[in-house]
Each structure stands twice: as C-alpha cells, then as structure tokens.
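Chain naming here is simple, since letters A, B, ... match the order of the sequence lines and numbering starts at 1 in each.
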Amino acid sequence: MYHNNCDFAAPPTKSMLTEWQLSVLVLLYISPICNEDENLSIAAAMLTRTSRLVSGARRLDPGRLLHAGSQAPQSLAAPLDNQAPDDSPRAVSRTSEKDPARHGEQHEGLHYNIPLQDMRTLFPHSLPPRFSMQVKTFSEACLMVRKPALELLHYLKNTNFAHPAVRYVLYGEKGTGKTLSLCHVIHFCAKQDWLILHVPDAHLWVKSCRSLLPSTYNKQRLDQPAEASIWLKNFKTTNERFLSQIKVQEKYVWNKRESTEKGSPLGEVVEQGIMRVKNATDAVGVVLRELKGQSSLGGFRLLVAVDGVNALWGKTTLKREDKSLVAPEELALVHNLRKMVKNDWHGGTIVLTLSQTGSLFKPRKAYLPQELLGKEGFDALDPFIPILVSNYSPKEFESCIQYYLENSWLQHEKAHTEEGKKELLFLSNANPGQLERLCAHL
Amino acid sequence: MAAPCVFWGAAVSHRLFLGGRISLALRQGVWKAAAAELQVGTGILRLRHTTGVTAKKNVAALRRETYTVDFIKKQIEEFNIGKRHLANMMGEDPETFTQEDIDRAIAYLFPSGLFEKQARPIMKHPEQIFPKQRAIQWGEDGRPFHFLFYTGKQSYYSLMHEAYGKLLDVEKRQNQLQAKGLFSEKTKTKDLIGSRWLIKEELEEMLVEKLSDQDYAQFIRLLERLLTVECSAEEEEFVQRFRRSVTVQSRKQLIEPLQYDGQGMAFSTSEGKRKSAKAEAVVYEHGSGRIKVNGIDYLLYFPVTQDREQLMFPFHFLDRLGKHDVTCTVSGGGRSSQAGAIRLAMAKALCSFVTEEEVEWMRQAGLLTADPRVRERKKPGQEGARRKFTWKKR
C-alpha cells in the first residue's frame, strides 16, 4: 500500500512525537472526507504506514520538515498554502496546486496530482503505457510541472481567438517528456472547458491495421473502421457535454436507411459511427469538419492535440490486397486530420508532438522537426512555434527522485544517498524516460 | 712366434689373478693392452671390448642424452664467435654487444609471425640452452669423488651437513662467550622483508638433483634455525644465498602529463583498446559530467544501460562522478568493446588527476589493464573455435 497525500506537516519547533500524534489525529478526521476512493480500512493501513514513514524519516533526517501535500481542504495542522513550502530545500517534490491554470514559475519541478476521475475522462486508453503502469502502481497520477508546458500554458492563456489557430510543435529527444507535457496542456484545457480533440498516437493509424476497406465516401481512399471506432469512443468519453450542445449543419446520409438530419446534435453522428463500424471513418470525418466549421463561431474553444504528428507525412506500412504500398494521404483518417491541423480556422489552438519512437523508417537519433516531418510535412505545418523539451534540470531530477522515494519505489539502500543519486544521474543523463526505466528495475 | 709363447706363459702364471682383474675390467672398460693380451690367447676368456677411447661406460647416461663438457665448451666458443659475427653484421661494436642487442638483431634478421614466443629463433648462451647436467661422479678407478655419493642425494646431504656444521660452530662460539661471561642477549632483527626463501624447483635447479618435499622442508627449517641464532657475517652470507628478493609487483603505470588548453583548463588524453575497438579520450579537469562520444551524447550513442555502466565505472570508483567532462572518439569493434575501450582510455587519462595511491587502487581493480581476450581463430575440422561438428554415430 503506497502512502499518498498524507498530511503531517507541522512547524519544525514541535517535537517529532507530537507531530506523529498530530498526523494520527489528522488522518482520523480527514480520511472519511477524502475525495479519492479510499475507505477506512485503507486509512488504517495508511496510519501504520505513516508511523513507519515518520520513524523512517526520523532515522534519515531527524527534525526535517516532511513534505506538505494535501488532498483535503481543511487540516488540523498548520494552514497550508497553495504553494509548496520551500523552507527545507531538499524534501519537496509535490505541490498542492490542482489547477493547471494557476501553475507558474514557482511550481517548476514539482509534481501535481490529477484526480483519477479526471484521468478516466480525459485520457481513456490514451496515456503512454509506462506512465499508465506507474499510475496504476502508485494509484495516483502525478505530473511534473516543467518549463515547456508552462510556456505553452502561457501562450494558451494569451491566445487571441480571432486569429487563425496557432500551431505549437513540441519536439525533443527520445524520452524527454513531450507526451506528458501534452497531457498537461490537455488537462489545462479541459479545466478551462475547451473541447478536446486528442489523437493519442497518430502512428497507430499508419501501421498494423487489420482491416482496410475502400472508403464509402471517396473511392480512392481507404477506411480504417477499427481505429476510427476506438477514437470515436474515446472522443465521446472526453467530450460528453459538448455532444449534445453542438448541432450539425448539414444532412449526412450514411446508407439507404440511415441519415442524420441537419440540426441534430453531434452525439448522434458519434453514435452512428460507433454502432455502424463501417461508417466510422466517415463519422470521424464529419465530426472533424463540423468542429472546424463551428469553432469559428465561438460557441466553444477547440484544442486539437495530436501526438506523433510526423506519422501524417511519413510512410506507412500498410498494403492493399495487391501488395502495393499505401501512401498516407490515401487513408481517409489521415487526410481528414491533415485538414484539421491546417491553420485555416480560428477559435482554438493546435498542439502537436513529434515522436520518433513509433515512427516508421526514421533513424533513432532524429528529433528535429525537419528530420522527422520531412519536407512535405514541414511545409504543411509551416509556420509553427517549436518548443524544445529537454532533459531534466538538476532541480527537476532531484524532485523526480524525491517523488520515487516518497512512494517507496526505490528500494535500494543507496537510493537516497548522494552517491546513489549521482549514479542515477550519470546512468540516465537526466533523461526522464531513461530514469524511469532504470528505476523500474532498482 | 716368440711373442705368443711369452704371452702364453704369462697367461698361465697370471691365471689366478685374472679373476679379479676380469671383473674390474668388465665393469670399467678395458685397457687396450689387456684386451689384446687376453684376446690373443685362444679365447679362454672372452671379454667384451668397449670401443672409444674416451667412453667410460656410464649406463645411466646412455638413457638420456648427455652433453659432455667438451661439447659444451665447443658450443660456448661457437656462440662467442657467432656473437662477434653478428655484431659485425649489424654494424655494432663486438666488444659491447649485449644479450639484448643479440635478441634485437635476431628478431630483425629472422622475423617470425609465430604466436608462441618460445618457438621463435633464439640465440642465447649455451648455458641457458642446454640443461645443467652432473658431471661423472666417479673417477677412473670407479671410486666416487664425493664422500656422500652413496646416500643417493650427495649435494643435498652435503649442503645439510654444511649448514648444520655452521650451526654447531655458532653454538660453540656462543657457549664460549657465555663461559667467558661476555655473552650479550642482543638479537638483531634481520631484514627479511622483501625476500623469500628459494622454492623447491629453484633449489633442485641449484643442486642439479631431485628433492622430495620433506627434504626441502627440512632444509628450510634448518636455515630458519640458523637465522634465529646470532651468527657472523659469513654465515649470514651463506643464508642469503638461499633467499631471493620479491620485487614490487606493479609495473610502473605510465601517467600522462597534463596539458592546458586555450582557456587554461587542464586536460589529459590517452588511448584504450578492447578487441578491435580503439578509443581516445580527453578528460577535462573541471566539468559537470558530460560525455560526448564521436560528437554524440553518450546517452544516445549507448542506448544500452550496460555500456553506460561501463563508462561510469572509473568515475564511480574514484568518487568523481559529476566532476569531469569527457570528449572521446572511438572506432571499430561492437558496442560492448567500444564501451570497454573508452573505459580503459578514461581510466588512463584520469591517472593524471589522481594520487599515486589511487592509481595503485585502480590498477588493482583492473581498470588500467587492457583486456587481452581476442577472438579465437576457427580451426579446420571444427565448426568454430571450440565447437566441433555434430558427431554422427554412422
């Protein structure tokens, strides 16, 4: 059982014993009011855990202020402010600021918690697999606030929705945190009540597709019913509220018996796509077209978030029945998505990520936009604002290690010593992905 | 035929003495005269006539090839003449031509690609080439020269006898001093550190005789007893003959000199090899732990953790993990051998920044030794270096 968000902050002048008593009291009062889905039995386990932790902390650094992070609003301990107290320079790795809108420079390097409910809404099956494993293990989703994300949030807060949609491209070496920065931005937009169009991995659309059907709409293109229906389901989960608000502006005829009238809610189109898998791709195309058209009207703000956008302009590994290679533009999904990331609409933003990990036929060390997008993609995306995501700074690295230590993830006896940290720093070279892989086996 | 008659008479009169003489002659070999004498007779006695003037029959020696003293002497003369010729050929002074010069000259004149060093052409003093052999230990009359010959291990027992004699001398002297009252209890500590006793093989080589383990142990015990009592200079010298010095193991590690670049930052360069990978590393004195390999960051160049752990080893050992910047170039080999080559190069370069003691620690840890393992060749009749073809019964 991993301890999460226990609250035993106390002024350093008090003795450790009373601090423990305080923490016990706090837990007894707080645990029933906890927002997360934990029951009292778990709270009891948490009690024993915290007692061990406190005594453990005493062994490590007696008299040190333990981290402050709180889930519940009230506490019997000293009043907590929204920002993490920085008095003890080493201990802090979390912040209690839940709202990404209020994240600023002072939160840089700290982890903030995303409620699991939000996670299920925003990212149904669309997190990177290793991160979702970590979420499951720690039973909490903590993202680190980092500079590229903060920069993006700053731009987003100051966007002028009358202008055409600005494109931001997150690029960087493998494992530096582009996808999770995108998730941070998506969380922010969700909190701000935007409509989120999230394609978790565009590479999945250009490789390993079992069923390729000729498109019902356009004879030259190809449909991908499976991927389209999955995406529609996720879209529905994420944007439940908007589906009834937005009305379609044209009549769409699916087949001889089914059609969607003008003025009916978008939800119907989505339902149609989910139920009739054959029309799923066309449903996706309809959704995209409608949203693009209507976001300019100002009823809602649209965020287009695509991960691995270099897949749209690369090569595919799909083949037709006559073994001829399929070009990306012959796939209907890719074609529609390309139209979506063009900046000929306003009322929203486009945030893109480049990714070499899933890409096809690209060298391992390529990470620059020119290399990964190719000439065609670069010209299509030009002009865009590139944002570099780099490895951890020393402060961020320290914070990450602290987070792992707090969750008792690092069990090696040398993990909390300076030498251990230096070893980890050397071996991972402060690369977040590498560090996570290293720590997984420690 | 007056002569035969004389002989015949002589033979008759000497008949009684012949028995003894015959046995002697049989054992030894025969004077020619005696042989002729007895043979001319009608063959009463048949004697074996050994040929060769110099061949004193030595049964034991016939089993093993012996090099006679004359032969060895001839070889030595030939060696010396040959040495002078060689010096002439190489254009050097024959007077000051040493054994190293000879080795170099032979390696130059007869270059050999054989892997086994002992199979290559050599030219050394005959004493080093021909094994030491014992000279014949009995005289012409058959009597052995040494009084302990019949013990079987004459040199060993004579050595023991000598050592024990010295011990008795020392004790006698001490008793005399004590009787006079001048005996002082001073025990001077002998410098035994840095030297060791001869090992059994070395003692055997010295005595040219086989020993058993118990003999050897007995001898060493006697010498140690000699050391415990106070003895004079000649006895010391006698004991020192059987001690060899133990030189310090470590070959002196070559430490690269420091160089300084334009900004005044000290750096040190060195090379390393592993299998077929060659690497050259430049380690800067102050840095933040960045390593660039062929211009690429080491995290990208070595995606496997194992290789990065190899790079970490020298720094982690010396506890200097984030303190140096390194730039290196590497070529050849595979990923693991490239990592090993860079590791060796970095460790050697780090020697310049580090104390002598730490250099010795690194050497003992194996950081400064080039890994000698190379790919073993494939042999004909086998599938690989060691793997044989599948054995089929029929």
### Query
Is B:K388 atom NZ crowded by more than 12 heavy atoms from other residues, nucleotides or ligands, each under 6.0 Å away?
yes

### Message
Suppose we call two aromatic rings close when their centres sit under 6.0 Å apart. Are A:F426 and B:F313 close by that rule?
### Response
no

## Note on the structure
Distance col, row A:N391:CG vs B:L299:CG, nearest 0.5 angstrom, shows 7.0 Å

### Summary
Scored by heavy-atom pairs under 4.5 Å with chain A, the best of B:Y298, B:Y301, B:F315 is B:Y298

### Query
Heavy-atom count around B:F389 CZ within 6.0 Å, excluding the residue itself: above 12?
yes

#### Entry: Within 6.0 angstrom of B:R290 CZ, more than 12 heavy atoms from elsewhere
no

#### Entry: Within 6.0 Å of OH in B:Y108, more than 12 heavy atoms from elsewhere
no

## Note on the structure
The interface call for B:I291 against chain A, heavy-atom contacts under 4.5 Å, is side chain

### Message
Quick check: do B:R308 and A:Q434 have side-chain heavy atoms less than 4.5 Å from each other?
### Response
yes

### Message
Take a 6.0 Å sphere around NZ of B:K200 and say whether it holds more than 12 heavy atoms from other residues, nucleotides or ligands.
### Response
yes

### Message
So which atom in B:T305 and which in A:L427 form the shortest heavy-atom distance, rounded to 0.1 Å?
### Response
O-CD2, 4.4 Å

### Query
Can you tell me if NZ on A:K207 sees more than 12 non-hydrogen neighbours from other groups inside 6.0 Å?
yes

### Rounded distance [0.5 Å steps], NZ in A:K422 versus NZ in B:K323
5.0 Å

### Query
What heavy-atom pair brings B:L300 and A:K365 nearest, and what distance separates the two atoms?
O-CE, 3.5 Å

### Message
Between B:F302 and chain A, with a heavy-atom cut-off of 4.5 Å, which part of the residue counts as in contact: side chain, backbone, both or neither?
### Response
neither

### Query
Side chains of B:P303 and A:K174: closer than 4.5 Å at any heavy-atom pair?
no

### Message
Would you say that more than 12 heavy atoms from the other residues, nucleotides or ligands in this model lie under 6.0 Å from the CZ of B:R387, or not?
### Response
yes

